[in-house]
**Q** 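I'd like to ask some things about the structure below.
We name chains A, B, ... by the order of the sequence lines, and we start the count at 1 in each one. Here the structure is a predicted model, which is why all the values come from computation and not from measurement.
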Amino acid sequence: MSIPAALRRRTPRGTPATGRGLRLPVSACVVAAVLLAVVLVPLLVPLDEQAVDMTNKLHAPSLAHPFGTDDVGRDVLLRCVYGLRVSLLVGVVAALTATVIGTAVGAAAGAVGGRTDRMVMRAVDVFSSVPHLLLGIFIVAMFRPGVWPVVISVGLTHWLSTARIVRAELLSLRSRDFVDAAVSGGASRWRVGVRHLLPGVLPQAGLAAVLMVPHAIWHESALSFLGLGLPTHRASLGNMIQDARGTLLAGDWWPTLFPGLFLIVPTLAIASLAGVWRERINPRRRSELML
Amino acid sequence: SAPDDGGGPGGGTDALTVGVAQEPETLSPLLGYGKEGNSKIFDGLLTHDAQMHLKPALATHLPKVSKDGRTYTYDLRKGVTFSDGKPFTAKDVVYTYETILDKKTNNASKSELDAVDSVHAEGEHTVVFRLKYPYAAFAERTVLPIASKAVASKTNVNTGSYNTEPVGTGPYVLTSWRKGEKLSFKANPHYWGGKPKIKRFTVAVIEDDDVRATRLRSGDLDGAILPPNLAKTYEKDEDKRTFSAKTADYRAVTLPSDNPVTGDKAIRRALDLAVDRKAMVKSILNGAGKPAYGPLPTDSPWFAKGTERPHDLKAAEKILNDAGWKPGKDGVRRKDGERAAFTLWYFSGDKLRQDHALAYASDAKKAGIDVQVQAGSREVIRPKVKHDAMLLGNGFPADPDFDLYPTLHSSQAGNGWNNLAYYHDKTVDEQLDAARRSRDPETRKTAYTKVQRALAKNPGYTFLTTIDHVYVIDDKWRGLTTQVEPHDHGIGAGPWWNVQDWQPEK
Amino acid sequence: MTETDIPAAARPPRQRPARRALWGPAARLVGRRLLAAVPVLAAVTFGVFAVAAASPFDPVQQYAGSAGLNASQETLDQLRANLNVDGPFPQRWWNWLTSAVTGDFGDSTSLRQPVAQVITERLGWSVLLCAVGFAFAVLVGTVLGLAAARRRGGLLDRTVTSLSYTLEAAPPFWLGLLGIWLFALQFDVLPAGGLTDSGSDVVTASALLRHLALPALVLGISQVPWFLLYVRQGVGDALAEDAVRGARARGLSERTVLLGHALRSGLLPVLTLIGSRIPELITGALLVETVFSWPGIASATVEAATATDFPLLAALTTLATVAVLAGNLLSDLGYGLADPRVAMEEM
Amino acid sequence: MTPNPPALELRAVTAGYDRSAPVVREASLTVAGGEAVGLLGPSGCGKSTLAKVAALLHRPYAGTVHLGGVQARGWRHRAPRAQRTAVGVVFQQPRLAADPRLTLAALIAEPLRATGRKTEALTRTGELAGSVGLGTDLLGRRPHEVSDGQLQRACLARALALRPRVLVCDEMTAMLDASTTAALVAVVEEYRELTGAALLAVGHDRTLLERWCDRTVDMPGIALPARAPAPGPNR
Amino acid sequence: MSQGTDAPEPLLSVRDLSVRFGMRGGREIAAVTDVSLEVAHGECLALVGESGCGKSVLASALLGLLPGNARVGGSALLSGPRPGETTDLLAADEATLARTVRGRRVGLVPQSPAAHLTPVRTVRSHLAETVRELTGAKGRALATATAAAARRAAFPADHLDRYPHQLSGGLAQRAATALALVGEAPLLLADEPTTGLDRDLVERTVDELRGHADAGRGLLIITHDLAAAERIADRVAVMYAGRVVELAEGRGFFGAPGPRHPYARGLLDALPERAFRPIPGMPPELGDLPAGCAFAPRCARADATCATVPALSGTVACHHPVPAPEPAGHGLRPEGSRT
Ligand SMILES: Nc1ncnc2c1ncn2[C@@H]1O[C@H](COP(=O)(O)OP(=O)(O)OP(=O)(O)O)[C@@H](O)[C@H]1O
Ligand SMILES: Nc1ncnc2c1ncn2[C@@H]1O[C@H](COP(=O)(O)OP(=O)(O)OP(=O)(O)O)[C@@H](O)[C@H]1O
Ligand SMILES: [Mg+2]
Ligand SMILES: [Mg+2]
C-alpha cells in the first residue's frame with residue numbers, strides 16, 4: 001500500500017497538456033529545415049535569382065513556379081530562399097551583436113556600480129539620442145553597401161535598451177542576500193556578475209535577442225531603401241516584401257505572402273526555441289506553481 | 001471617408017482634393033517653384049495651353065523678338081493685382097528675374113536662364129530681356145512665375161516667409177500649408193482670368209503610392225497620381241476616370257565614352273538593338289508609355305521619323321561578331337582580352353528605374369554582354385558615371401533644346417548631371433548649336449532631325465521608354481485634359497493643370 | 001583589546017517613521033541628471049555634426065533636389081558657397097552652439113525656413129501622436145502581457161506571443177497600409193490620413209480625434225510587442241515566485257494576486273523599457289507620419305538627415321536627446337520608486 | 001599587544017541603514033581565537049546587522065572591525081579576498097541566501113570555485129555535504145526543491161568550505177528540529193576542534209546558546225528590556 | 001486509525017494523503033506517504049519531525065499550493081462551509097480553493113516568511129490589502145484593522161512602512177503571522193511560526209495562536225520548537241520520512257510517559273536542555289526509501305521485522321515501540337544536563 005493507487009496530477013491551470021510537447025520538435029524542425037535550405041539550395045539550384053523575365057510576369061503559383069513569379073518575372077520561391085539567407089544572416093548576427101554588447105555593457109555597469117556605472121549610462125544616453133537612422137547611415141557609409149555593414153549598423157544601434165534593462169535588473173539583484181553570500185565566499189566582482197547576477201537577467205536579454213531578429217530584418221530593408229543597405233534588387237526578405245507592396249494592392253498576393261511567411265515562420269520557430277530555453281534556465285521551470 | 005463638418009471631397013463639384021507624391025520644398029518662384037509654368041498661385045509672362053503651345057498670361061501677347069534674336073520685349077497686362085491687392089507691374093518682373101539670377105539666391109535651376117544678360121523695365125508695363133547669345137527657346141523660359149516685389153523683397157529670399165506664404169497673381173490663393181500633410185488653396189476672386197469655378201483646391205501630400213491609392217479608394221481624395229499597375233485597378237470603376245498624360249519623361253541608360261566597353265560603337269549599337277523596348281512598356285509600365293529612341297518622344301513634332309529601331313537580337317549579335325566581340329566561355333563576349341561587361345547604376349528606392357535596369361541587364365545578357373546592376377544614392381553614383389553606366393530619367397516637353405543640348409552637346413559633358421555619357425559627336429554638336437541660334441522652325445527641325453539620325457548611328461545612350469504619368473480622378477468634371485508633362489511634375493501637373501478653367505458636370 | 005562586549009548605548013526610541021525617504025533622493029537624482037544633461041547634449045550635437053559631416057550625403061545635391069540634375073556645375077558650386085556647407089565641422093558646431101545658446105537656432109537650408117519655425121509648426125503634432133501611441137502601447141502591452149502570462153501556453157498566450165513576433169517583423173508602413181485598408185476602406189469608420197478632412201483647414205477637437213486614431217493605433221501597435229513580451233516574461237517569472245505563492249495562500253483574489261503582486265514585481269523591466277524605447281518610438285513615428293501624412297516633425301527629420309541640414313539636424317537631435325534623457329530619467333525614477341531594493345542614488 | 005590577537009573584534013561599531021537612525025550604536029564585541037560566543041537579543045535589535053558587519057558585508061558608519069588583529073579597511077568587494085573569506089557566514093534565511101539557479105552541490109562548491117580551487121571543489125563537495133547530512137540525491141536539486149532545513153544544511157556546508165577562521169552563524173538552527181540542530185552544532189564543533197576557529201553564534205534560544213557557546217552576550221533592544229547579562233560560559 | 005465514528009465531526013480529516021514529486025529522469029520523491037490525521041474544532045495539533053520529512057509539503061498540499069511536478073493522493077476533508085458539509089481540499093478545483101478556502105477557511109503562516117512577501121510592497125500594504133480582501137473593510141476602518149492585525153502578531157507599528165528586505169528575520173516572521181491571522185480562518189496552518197523570535201515573542205505568538213484555537217478553531221502547528229509545541233499542543237503528530245509515525249496526546253508526549261516511537265524519543269533527547277545528542281545516522285533520502293521502516297537504519301531497536309513498513313496502530317507506527325505503560329524513570333523528566 002505504499003504507493004497510492006491514484007495520484008492526481010494537478011495540471012497548471014490553463015495549460016493544455018497537449019501542444020506543449022509539440023512545440024519544441026516542430027520549432028526545431030522548422031529551424032533545421034531553414035538552415036538546410038539556406039545552405040543547400042543555392043548550391044543545388046544554380047539559377048540566377050536576379051534574372052528578370054518580362055514574359056513571365058506575375059504568374060500565379062503553379063508547378064513550374066510553386067510560389068509564382070513577381071512583377072518582373074522572377075521566381076518567388078528562389079528569391080525567398082536567397083532572401084532568407086541574407087535576411088537570416090542579418091537578423092541573427094545583428095541581434096546577437098546587439099544582445100551581446102547590450103548585456104555586456106549593462107552587466108558591467110550594473111555589477112560594478114558607482115561612478116563607472118554612471119559614466120557608462122550617460123554614454124548610453126548619448127548613443128540612444130543620436131537618431132538610429134543617422135547612426136546607421138554613418139556606419140554603412142564608412143563601408144561599401146553590403147550585408148556586413150548593415151549587420152554592424154543594426155547591431156551597433158540596437159544594444160541600448162538591452163543594456164538598460166540588464167543594468168536595472170542587476171541593480172535590483174545586487175542587494176540580495178545570495179549575493180552577499182557569494183561575496184563572503186570570496187567571489188570577485190566579475191564572478192558575482194557572471195555567475196550570480198547575469199543568469200538572472202538572461203531571460204530578459206534572450207527575449208531582446210529574439211525580438212531583434214525580425215526587427216533587424218526590416219531594418220535592413222529600410223536601409224536598403226535609403227540606398228545604404230543591400231541594393232533593392234538583391235533578394236532579401238525585407239526587400240521583397242517592400243517591393244511587392246504595389247502588387248498586393250493590385251490583387252496579386254503571392255509576391256508578398258511567401259516572403260512574409262518566410263520571415264515569420266522562422267522567427268516564430270526561433271522565438272519558440274528561445275522560449276523553451278528561457279523556461280529551462282528558469283530555476284522554477286519544472287515545478288512552476290500550478291496555479 | 002467618414003461624414004464631416006468640412007466640405008470634404010466626394011460631395012460638391014466646387015472643391016477638388018488631389019493626392020501627390022512630393023511636396024514642394026518652397027512655394028517661392030525665386031527658388032524655383034513653378035518654373036515649368038503651372039503654379040496655381042502665380043502666373044508667368046507666358047503660359048502653355050493644352051497642346052503645350054505658348055500663350056500670353058501676364059504679358060498681353062507673345063514677345064517681340066529683335067532680329068538678332070537677342071532682345072525679347074514683353075508688354076504686360078494692365079489692372080492685374082496680387083492677391084494682397086497690390087498692383088502687378090514691370091518692377092515685379094524685373095525683380096523676379098534679377099533675384100533668381102543673383103548669385104546669393106539659392107536657386108538650383110538658375111542655369112536655365114543662363115542666356116539672360118539683363119532684364120529691365122520700360123515704364124510700368126513693358127519688360128525687355130537682353131540675351132548673351134541668340135537663344136530660340138528663350139520664350140519657353142518666360143513661363144516662370146512672377147513674385148511680388150513688395151512682399152518678397154522684404155524677406156530673406158532663401159529662408160524667409162515668402163517660401164511658405166506666397167503672394168501671387170494666380171487663380172488660387174494659398175490658405176494653409178501644413179507641411180507633410182497638405183496645401184490648401186482657395187479661388188482668387190480677383191483673378192484677372194475670371195474667378196475659378198472650383199472654389200477650393202487641396203493638394204494632399206502622400207508619399208507612398210499604395211497609401212495614395214487606398215486613400216483615393218476610400219474617397220478621401222478626388223484624384224491622384226498613381227503607378228500604372230495600381231491605376232489599372234480603377235479601370236472598371238464607373239465613377240473614376242484614368243488619364244495617361246503623355247510626357248517627355250524618358251528613361252535611358254548612359255553609355256560613357258570613356259569606358260572601353262560602353263565607348264565602343266559596336267556595343268552601343270548592339271545594345272540598342274538587343275533591348276526589347278516593347279516588352280518593357282508592356283510589363284514594367286503596364287502599357288502606360290511607349291518605346292523611346294531618343295530624348296524626344298516619338299509623338300513629338302520634333303521627332304525624326306524613321307529613327308525607330310526594332311528589337312532585333314540577331315542583328316545585334318551580328319554587329320558584335322563583325323566587330324570582333326566573340327562569345328567567351330562564360331557566355332560573355334570578349335575582344336582583345338576585354339570582357340563585354342560593365343556596371344549599371346540606378347538610384348536606390350526608385351522602383352521604376354530598378355526594373356528598367358534589371359530588364360536591360362537581362363536583354364544585354366542575351367546578346368552576350370554582362371551588365372551588373374548596382375544601386376546607390378546620388379552621392380555614390382555621381383563620381384562613378386564617368387566610367388559606369390547609369391539609368392537616367394529626364395525630359396522637357398517645351399522645346400527640344402531643353403533636352404537635347406544638355407544631354408548630347410559635348411560642351412556639357414560632365415557638367416553637373418548633364419551629358420552623363422560624356423557623349424561627343426561632331427555632327428550632333430554642330431547641329432545643336434545651329435538649332436539653338438536659328439528661330440526658323442524649319443531650320444531647327446532639320447537640324448534636330450540630323451541630330452537624331454546621328455544619335456541613332458552612334459547611340460551613346462540606350463533610350464528605353466517614354467513613360468506616361470497616370471492619374472485617376474473622379475468623373476465629375478467636364479473637359480478634363482492633360483498636358484504633355486516634363487520629367488519633373490509638381491502639383492500643377494496632371495488633369496488639374498487647368499483646374500481654374502474646369503466646369504462642373506451639370 | 002576591549003573587554004567590554006556589545007552594549008554601548010540603548011537605542012533611542014524612533015521618532016521618525018521608518019518610511020523610505022524618497023523625495024530627497026529623487027530630487028537629487030533629477031538634479032544630477034540635469035547636470036549630466038549638459039555634457040550629454042553637447043556630446044550628442046557634436047556627434048551629429050561629426051556624423052553628418054562624414055555621411056555620404058551632399059547637402060548641395062540634396063538642396064538642389066531634382067533641379068540639381070539639370071543644373072550646371074557653376075550653379076552647383078555657387079550653391080555650395082551660398083549654403084556655407086563647407087568648413088571644418090567642429091567650427092560649424094561651435095558656431096551653432098554659441099548661437100543656439102542665445103536662442104537662435106539658425107535657418108534650415110532644406111526647408112527654406114528658420115529652424116525655430118519648422119519646429120514650432122510641427123513639434124506639437126508629433127508629440128501628440130507619440131504620446132497617444134505610446135500610452136496605447138504600454139497599456140495594451142501590459143494588459144495582454146498579463147493575460148498571456150496568466151495562462152502560459154494557453155490559447156491566448158500562444159496567439160498574442162505569435163502575433164507579437166509577427167508584428168515585430170512587420171514594418172510600420174505595412175501596418176499603416178493594413179490599418180487604412182481595414183478602417184478607412186472596409187469599415188469606413190476612420191479617415192485615412194491628414195490632420196483634418198481634406199476640404200477643411202480648421203483643426204477641431206472631434207476631427208482631430210478621428211484623424212489621430214489610426215496613426216496612433218498603428219504607432220502604438222508597432223510598439224506593443226516589446227511591452228507585451230516583457231510583461232509576459234516578467235509576470236510569468238513572478239508568478240512562480242514564493243511571493244505570489246504567499247499572496248495566494250492569503251486568499252487574495254486572482255485579480256489582486258496578478259495586479260498587486262505578480263505585475264508589481266514583473267513590471268520592473270518594463271519600466272526601464274519605457275525609457276529606452278523612446279528612440280524606437282521616434283523612428284516608428286517617422287514612418288507612421290509619412291504614411292498618414294501627419295504634419296509632424298518626422299518628414300523634416302528624414303529630410304534633415306539626408307540633406308545634412310546641419311542647423312535643423314542639430315536642433316532635432318537636441319529635441320530627441322531631451323526626449324530620450326527625460327524618458328530615461330522618468331523610467332529610472334519609476335524604477336527607483338517601484339523597486340525598493342534599488343537605491344535611488346544608484347540609478 | 002597581546003601575542004594572540006582576537007580572531008574577531010568589533011570596536012565601537014555603529015551601523016544601520018539610515019545614518020540618522022543607526023540600528024547598532026557603538027557596539028563592541030570580541031571573540032578570541034577558538035572561542036565560541038553566543039549573541040542574544042530581542043528580535044530586530046540588530047544582531048544580523050552586526051553579523052554582516054563582522055563578515056565585512058555591511059559597511060558600518062563608524063567603528064572598526066579587526067580580524068586576527070588586522071583592521072579591515074574595505075567592505076564587500078573592497079575587502080581583500082583573504083579577509084573576506086576568513087569569515088564564514090551562515091545567513092538567517094536560507095531561502096534568500098541561496099542562489100536559486102544553483103544546485104545544492106554547486107552552492108556548496110561555489111566558494112571553492114570562486115577562489116579558483118576547482119579540483120578541490122570536486123572532492124570537497126561530497127565530503128562537506130556528507131558532514132552536514134545531505135545525501136547525493138539532494139545535491140542535484142535546486143533550492144526550491146528542498147526543504148528549508150535541508151537548504152540550511154547546504155548553507156552551513158558552504159560556509160565551511162573555505163575553512164574560515166571565524167564562523168558567523170546567524171540563527172543557523174532557527175528552523176531546524178532538535179536532532180538536526182544537535183547534529184549541525186556537532187558539525188560546527190567538530191570543525192572548530194579541528195581548526196581552532198572562533199564562532200559567533202547569533203540566536204534567540206538562550207538554552208541552546210548557553211549550552212553551545214563559551215559565553216553569551218546580550219544585545220539591548222527597544223521593544224523589550226534587556227535581560228541581565230549572561231552568567232558566563234557554562235562549560 | 002479513527003477517533004470513533006460517534007465523535008463530533010472533526011474540522012479537518014486527512015486520509016491517506018500522499019505527495020510525490022516527479023523529478024528529472026523519472027525519479028519520484030515520496031515527500032508525504034499515507035498520512036492520516038484529524039484536527040478537531042478548538043484543537044491544536046503539533047506536527048514535528050526531522051527537517052525534510054515532509055511537513056511543509058503536507059501543509060502546502062492542504063492548500064493546493066504544491067508545485068507543478070507534484071502529484072497528490074488521498075483526501076483531506078475540511079468541514080464546512082455549511083454545517084454538515086465537507087470540502088475535499090485535495091479534490092477541490094483551483095477556483096474554489098482561491099475564492100473560498102485559502103485565507104478564509106484555511107490560513108497559512110509560511111516557512112521562510114520573508115520570501116513569501118512581495119519584495120516591492122510594504123508590510124502595511126500587504127496587511128491592508130489582505131484585510132480589505134478578506135473582511136471588506138474600507139477607509140478608516142481599514143487603517144485601524146490593519147494596525148490591529150499588526151498588533152496581534154506583535155509587529156511594531158513603526159515598521160509597517162518597511163519593505164520585506166528591510167525586515168529582520170523575526171520581523172518578517174511576525175508580519176507573516178499577522179497576515180495569516182487576518183482571515184480568522186477556522187483552520188490555521190502555521191509552519192514554523194516562531195523562528196527568529198526571542199523567547200518573549202515566542203510566548204506571545206504561541207499564546208495568540210492558542211487563543212485562536214481556543215475560540216473553537218483548529219490549529220495545525222508545524223514546529224521544531226518543542227518548548228513551544230509543549231505549551232500549545234493538544235496532540236502531537238510525529239513525522240518521519242513522509243509518514244506519521246506517532247500520534248500522541250501532548251501532555252503525555254512531552255511529559256510522562258514520553259513518546260513511544262524510538263525516533264520521537266531521539267528527537268526529544270536531542271534538545272539542548274536534554275542530551276543535546278543528535279540521532280545517529282543520516283536522514284533518509286525520500287527519493288530512495290528503504291523497503292521497510294524508514295527509521296530502521298538509524299534505530300537501535302531495529303531487527304528483521306523492521307523490513308516491513310509498520311502500520312500506525314494505536315498511537316505509534318513501530319514494530320518495537322517503547323512499551324506504553326512502563327512506569328518510572330524513562331523520559332518522565334527531562335534527562336537534564338547529561339554530565
Ligand atoms: N536592508 C535594510 N534596510 C533598512 N532597514 C533594515 C534592513 N535590514 C534590516 N533593517 C532593520 O534593522 C533592524 C535590525 O535588523 P536585524 O536584521 O539586524 O535584526 P536582528 O537582530 O537580526 O533581528 P531578528 O532576530 O529578528 O533576526 C530592524 O529594525 C530591521 O527592520
Ligand atoms: N519541489 C520539490 N521537488 C522535489 N522535492 C521536493 C520539493 N519540495 C520539497 N521536496 C522534498 O520533499 C521533502 C519534504 O520537504 P518539506 O519542505 O515538506 O520538509 P519539511 O518537513 O518542511 O522540512 P523543514 O523542517 O526543513 O522545513 C524534502 O525531502 C524535500 O527535499
Ligand atoms: Mg536576524
Ligand atoms: Mg518545512
Side-chain angles (χ1 to χ4, degrees), chain A residues 12-16 19-20 113 117-118 121-122 125-126 128-135 137-138 141-142 160-161 163-165 167-169 171-172 174-176 203-204 207 210-211 214-215 217-218 221-222 226 228 238 241-242 245 249 260 263-264 267-268 271 275 278 282 284 288-289 291, chain C residues 36 39-40 43-44 47-48 51-52 54-56 150-154 158 161-162 165-166 168-171 174 177 225-226 229-230 233 237 239-241 244-245 248 268-269 271-273 275-280 282-283 286 301-302 305-306 317 320-321 324-325 328 335 339 341-342 346-347:
Chain A
R13 208 183 31 195
T15 313
R20 270 221 157 164
D117 174 38
R118 263 178 232 161
M121 290 331 280
R122 292 299 76 75
D125 281 350
V126 172
S128 40
S129 304
V130 181
H132 275 190
L133 198 69
L134 197 62
L135 216 55
I137 289 173
F138 175 62
M142 295 207 307
L160 301 146
S161 50
R164 282 184 57 85
I165 291 175
R167 166 181 171 271
E169 287 285 280
L171 283 189
S172 158
R174 225 168 57 179
S175 59
R176 307 279 163 96
Q204 322 282 354
L207 189 56
V210 177
L211 271 168
H215 184 79
I217 290 176
W218 86 249
S221 71
L226 280 175
L228 292 159
I241 296 177
Q242 181 103 276
R245 264 190 303 168
L249 275 190
L263 173 55
I264 287 164
T267 303
L268 288 183
R278 278 203 305 278
N282 180 352
R284 298 261 181 177
E288 124 199 40
L289 285 176
L291 304 167
Chain C
V40 166
V44 167
V48 164
V51 166
S55 88
R150 189 168 160 228
R151 307 197 172 182
R152 276 220 216 187
R158 278 189 277 173
T161 39
S162 308
Y165 288 113
T166 311
E168 191 60 23
W174 270 103
L177 209 55
W226 282 76
L229 291 172
Y230 270 91
Q233 179 77 29
D237 286 352
L239 277 175
E241 301 273 331
V244 167
R245 186 175 182 271
R248 291 226 153 100
L268 294 178
L271 280 180
T272 327
L273 207 55
S276 57
R277 286 299 289 177
I278 286 185
E280 284 292 337
I282 295 175
T283 317
L286 295 186
T301 310
V302 176
T306 52
T317 318
T321 312
V324 168
L325 290 182
N328 284 351
Y335 200 100
D339 191 343
R341 292 164 295 189
V342 175
E346 286 179 337
M347 291 310 294

**Q** So which of A:G238, A:S161, A:P214, A:P203 has the biggest tally of heavy-atom pairs under 4.5 Å with chain C?
**A**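 So the answer, after comparing A:G238, A:S161, A:P214, A:P203, is A:P214.
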
**Q** As an exercise, state the distance from OG1 of C:T272 to CD of A:E169, rounded to the nearest 0.5 Å.
**A**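 Between C:T272 OG1 and A:E169 CD, I get 6.5 Å after rounding to 0.5 Å.
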
**Q** Could you look at C:L229 and say if it's the side chain, the backbone, both or neither that has a heavy atom under 4.5 Å from chain A?
**A**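 Contact with chain A: backbone and side chain both.
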
**Q** Please state whether the side chain, the backbone, both or neither of A:I264 comes within less than 4.5 Å of a heavy atom of chain C.
**A**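 Side chain of A:I264 only, per the 4.5 Å heavy-atom cut-off to chain C.
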
**Q** Relative to chain A, which of C:L271, C:T321, C:L325 shows the most heavy atom pairs under 4.5 Å?
**A**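 That would be C:T321.
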
**Q** Give, as side chain, backbone, both or neither, the part of C:L177 having an atom under 4.5 angstrom from any heavy atom of chain A.
**A**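 Side chain only.
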
**Q** Mind checking what makes side chain to side chain contact (heavy atoms under 4.5 Å, CB included) contact with A:I241, not counting sequence neighbours?
**A**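 Here the qualifying residues are A:P259, A:L263, C:W174.
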
**Q** Could you tell me which portion of A:T267 (side chain, backbone, both or neither) has an atom closer than 4.5 angstrom to a non-hydrogen atom of chain C?
**A**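 Answer is side chain: those atoms of A:T267 sit under 4.5 Å from chain C.
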
**Q** If you count heavy-atom pairs under 4.5 Å between each of A:L268, A:I217, A:V210, A:L207 and chain C, which one has the most?
**A**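 The option with the most such pairs is A:L207.
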
**Q** Are the side chain of C:Y230 and the backbone of A:Q204 linked by a donor-acceptor contact shorter than 3.5 Å?
**A**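 Checked: pair present.
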
**Q** C:Y335 side chain to A:A168 main-chain N or O, any donor-acceptor pair under 3.5 Å?
**A**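 Side chain of C:Y335 to backbone of A:A168, a donor-acceptor pair under 3.5 Å: yes, one is there.
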
**Q** Under a 4.5 Å heavy-atom cut-off, does chain A meet the side chain of C:E168, its backbone, both or neither?
**A**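 Interface part for C:E168: both.
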
**Q** So, for C:D339 and A:S172, which heavy atoms are closest and what is the spacing to 0.1 Å?
**A**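 Heavy atoms of C:D339 and A:S172 come nearest at OD2-OG, 2.7 Å.
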
**Q** Is any side-chain heavy atom of C:S276 closer than 4.5 Å to one of A:L160?
**A**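 Side chain of A:L160 against side chain of C:S276, heavy atoms only: no contact under 4.5 Å found.
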
